Structure formats: C-alpha cells, structure tokens
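A short worksheet on the structure shown next.
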Amino acid sequence: MNDHALEVQGSNPSLQMPSSGTAIQIENLTVNHGTTPVLKGLSLQVPIGSIFGFLGATGAGKTTTIKTLLGFRSPDGGSARVLGYDVSCQQREICMSVGYISETNSLYDFLTISQLCDLSRDMHRRWNQGSVDRYFQLFALPSNKRVKHLSKGMKSQLALCLALGNDPDLLILDEPTTGLDPISRQMFLTTLVREVAAAGKTIFFSSPLLSEVESIADHVAVLHDGSIVLSDELDHLRERQKMVKLVYMEQPPVEEMTLLRSLPGVRQLEQRERVVRLRIEGDTDALVGTIQARPYALRDVEVVAVRLEELLIEYLRGDGA
Amino acid sequence: MTIWLQVDIRSNVPIYVQLIEQIQHALEVGTLSPGDALPSVRELASELSIAPNTIVKTYNELQRMGLIESRAGKGTIVLGKAKEMVRVRQQEALLEHLSTVVHDGSLLGLSAEALRDHFEQAVQQFFSERQQQGDKS
C-alpha cells in the first residue's frame with residue numbers, strides 16, 4: 001500500500017500547493033530600542049502557503065518584529081530573510097513583493113479612494129489594477145469617497161485592497177482587525193482566506209486575539225518577552241497536547257510523582273491524594289503504557305484533549321516553556 | 001459540491017481529522033461515491049474559510065490511506081475500493097470498542113460469563129427483531 005501511495009503522490013503535482021520552502025526565515029534576531037533589548041534571539045520559520053498567526057501580549061515585540069521584516073529597522077544581531085531577500089540590505093525587493101498593512105492603518109485621509117489608489121499605483125512597479133478593482137467591488141467600496149469619511153471597517157478593507165495591488169506573494173498584517181466590530185472582523189478574515197490564501201499566497205498576521213488566530217490560521221507562533229516560546233501547526237497542537245488523569249488504587253508515594261514528572265513529554269503534574277493529572281505532549285499511548293507498567297496499580301486512566309485556547313494562554317503568559 | 005463538509009475550529013480534533021472523518025462518512029452513506037471528484041483545494045479552502053494547506057494535508061492523508069487519487073486534468077477522484085476500505089476500517093474500530101466494553105464491564109464487577117450472556121442476548125434480540133420486521137413487510 002505504501003508503494004501505491006508513493007506512486008500516486010509522484011503522479012500528483014496538482015494537489016500540492018506551492019508549500020515547500022519558507023516565506024519568512026528568522027534566525028536568532030536581536031533588536032534593541034536604545035539600550036533596551038526588545039527582541040532577544042528570535043527564531044521563526046513561516047512556510048510558504050501558510051496562514052500564520054503571530055500571537056503575543058502587548059509589548060512583547062510583535063510590531064518590532066514586523067518592522068524589522070519589512071526592513072524599516074535593522075537588526076542588531078542575527079538575520080532575517082523575507083521571500084529569500086535579506087532584510088538588512090534588500091528592503092526595496094521586499095517592499096516590491098510583500099503586501100503590508102500597518103497597525104495604525106495610516107492612509108492619507110484627505111484623499112478619495114480612487115486618488116489614494118492612483119498614488120499607490122505610482123509607487124509600485126508591479127500593480128494589478130484589475131484585481132484591485134475586483135476587491136473594491138467585492139467590498140462595495142465607493143471610489144469617490146474621501147478616506148476620512150469611511151468607517152473603520154471600510155478603511156481596513158481599503159488597506160487590504162491596496163496591499164494586494166502589487167499582487168504580492170506574501171501579506172504581512174500588523175493587527176489588521178484592531179478596532180473592527182465583530183461583523184467587519186469576520187468579513188475581513190473570511191476575505192483573507194477566500195481571496196488571498198486560497199490563491200496560494202502566504203499570510204503572516206499578528207493579533208492579540210486567540211479566537212482570530214484559531215479561526216483562520218494553520219500555524220501559530222507565540223512571542224513572549226522578545227523570543228518565540230511556541231511555533232507549530234495548529235492541528236499538530238490539537239493532536240499532541242493532552243491531559244491524562246490517573247486514578248490510583250492507593251495514593252502513590254512522593255518519589256513516584258517525582259519520577260512521573262521526569263518522564264519525557266510530561267509538562268505538568270498535579271496531585272490530589274490518589275488522583276493525578278498530567279499535562280503531556282507527544283505520544284500519549286507510549287507514555288500511558290510506561291505509566292501502566294509502573295508498580296503502582298491504577299484504577300482508571302482517562303485521556304482528555306486540552307483546549308487550544310487554554311494551551312495558547314499558557315504560552316502567552318510565559319508558563320508554557 | 002454534493003458533499004457538505006464543515007469544520008469546528010473550537011474542537012480539539014485536528015481539522016484535517018474532522019474532514020477525513022466526514023469524507024469517510026459521506027462514502028458510507030453514499031453522498032460520495034467511487035469515481036466522484038472532490039472539490040479542488042482552492043474551492044474547499046474558500047468554502048470552509050480555512051487555510052488551503054489544511055486541505056492539502058487532508059487530501060494527502062486520504063491518498064495515503066488509498067481512498068482517493070489525483071488525476072491530471074480530472075482533479076481528485078474517489079477510488080473504486082474506497083467504500084470497502086472504509087467499511088473494513090470501521091469494523092476494526094467497532095471491534096476495538098468491544099474490548100473497551102469488556103474492560104469497563106470487568107471493572108464494574110461483571111464476570112466473563114455474565115458478559116458473554118449479555119452479548120449473546122443482545123445478538124439474539126437484535127436478529128429476532130429484525131426477522132419479525134422482515135416478516136411484517
């Protein structure tokens with residue numbers, strides 16, 4: 001059967017999205033604000049074709065990371081490549097092939113939509129007016145209206161349209177939905193997936209919201225205190241992180257608990273008399289097998305999934321690592 | 001699209017696993033048949049509003065399981081033997097469930113003999129009821 005599967009995959013170029021390789025590659029990046037270190041040896045890989053959610057508490061360094069990726073500030077140490085371009089010396093190339101929406105969303109608000117669009121077109125060599133018009137229609141944006149008269153939701157839609165104007169392979173969005181009401185937020189995210197990701201483009205977005213990352217991302221990274229404490233596929237996290245509840249026949253001795261704590265994959269252990277709760281990561285069956293082979297008799301073993309949200313909060317608080 | 005897939009992003013079940021289970025179920029109930037084409041990665045990502053790589057992963061896994069195959073110009077096709085394979089898998093899962101029932105029963109103090117009796121009784125009851133229904137119609 002394996003032979004068959006291989007043969008099928010070999011004859012199957014159409015199924016694969018262009019998902020090999022990395023769109024963003026950061027290695028041991030350090031950035032200081034004056035003498036204060038903000039990014040302290042950050043390493044991260046963003047696969048091509050992924051929707052990558054970048055989580056972190058306010059002040060963790062998300063915006064600094066993004067500005068460094070776009071070449072707006074240079075690294076104090078380490079390196080970063082965006083679509084293969086070096087951020088410290090190829091800013092022009094990066095700006096030409098990346099779409100970007102900043103946190104502050106600072107559009108020239110005295111211009112009308114079509115004036116702003118002309119301005120953006122003049123700044124980009126590679127500009128696809130056809131697709132920009134299509135996005136304008138999709139969001140029903142009135143081209144003769146001044147930006148300052150638009151709602152927040154419309155402004156972010158406009159920013160998205162313009163960010164897509166140079167037909168970028170990678171979109172970098174810094175908290176794109178901040179300030180949007182739930183409906184506009186949902187619409188913005190859905191459009192991102194349907195129009196941008198489905199076309200095979202890579203999306204890297206920072207967000208303070210777990211729910212937002214959960215709803216569209218396939219990869220997530222958590223930034224805490226200037227470095228990455230978690231970076232994984234969401235499905236992989238759902239699969240590998242479990243809670244195991246052990247009920248012993250009799251309360252096991254303290255030494256046994258120390259031993260369990262040291263088993264590979266055990267991240268946390270809590271005990272209440274003869275009930276023990278373990279947070280584990282990795283091969284659940286193997287670990288449960290090891291525990292069952294210990295000399296202390298078990299009355300019951302229950303494996304429960306850990307909610308993604310709980311898990312991410314653990315990491316955001318810095319308890320995960 | 002005849003099959004109607006949905007995902008629960010809040011679930012602890014990986015999304016690609018949810019999709020595999022639904023596609024298997026669709027095969028079982030016949031909303032999906034051998035020879036049918038599955039939607040393209042792009043279509044399905046767009047319809048479900050989830051990352052395309054998750055669909056790629058789902059299809060790769062179904063392909064590894066021998067249920068689908070991707071053909072140049074025709075898209076991703078459900079293979080002829082898929083239905084039978086799903087059935088075998090589900091029988092295996094069911095029989096595994098049986099051992100859990102026995103295990104739990106023994107914990108609750110049921111003897112081997114009692115478990116056997118109950119199983120036999122359930123089998124007899126089911127098949128005699130089915131026969132009666134057959135007689136009526």
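Please read these numbers as outputs of a predicted model, since none were measured by experiment. We name chains A, B, ... by the order of the sequence lines, and we start the count at 1 in each one.
- Heavy-atom distances place the backbone of B:S11, and not its side chain, under 4.5 Å from chain A.
- The salt bridge (charged side-chain N to carboxylate O under 4.0 Å, His left out) check on A:R194 picks up nothing, with sequence neighbours excluded.
- Distance check: A:T202 OG1 to B:N53 CG gives 8.5 Å after rounding to the nearest 0.5 Å.
- Within the 4.5 angstrom heavy-atom criterion, no atom of B:I55 approaches chain A.
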Contacts table for residues 281-289 of chain A: side-chain donor-acceptor under 3.5 angstrom, sequence neighbours left out:
from	atom 1	to	atom 2	distance (Å)
A:E281	OE1	A:R267	NH1	2.9
A:D283	OD1	A:D285	N	3.2
A:D283	OD1	A:A286	N	3.2

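- A 6.0 Å sphere centred on CG of B:L108 holds more than 12 heavy atoms belonging to other residues, nucleotides or ligands.
- B:S49 approaches A:T190 most closely through the heavy-atom pair OG-CG2, 3.2 Å.
- Rounding to the nearest 0.5 Å gives a distance of 6.0 Å between CZ of A:R307 and CZ of B:R10.
- The shortest heavy-atom contact between A:I51 and B:P52 is CD1-CD, 4.4 Å.
- Panel note: side chain A:R238, backbone B:I9; a donor-acceptor pair is recorded below 3.5 Å.
- At a heavy-atom separation below 4.5 angstrom, chain B is approached by A:S211, A:E214, A:S215, A:I216, A:D218 within residues 205-223 of chain A.
- By a heavy-atom distance cut of under 4.5 Å, B:V13, B:P14, B:I15, B:Y16, B:V17 are the residues of residues 13-30 of chain B near chain A, going up by number.
- Side-chain contact between A:R299 and B:L107 is present, with at least one heavy-atom pair separated by less than 4.5 Å.
- Among all heavy-atom pairs drawn from A:D235 and B:T54, the shortest one is OD2-CG2, 3.9 Å.
- Proximity to chain B is limited to the side chain of A:E233, based on heavy atoms less than 4.5 angstrom apart.
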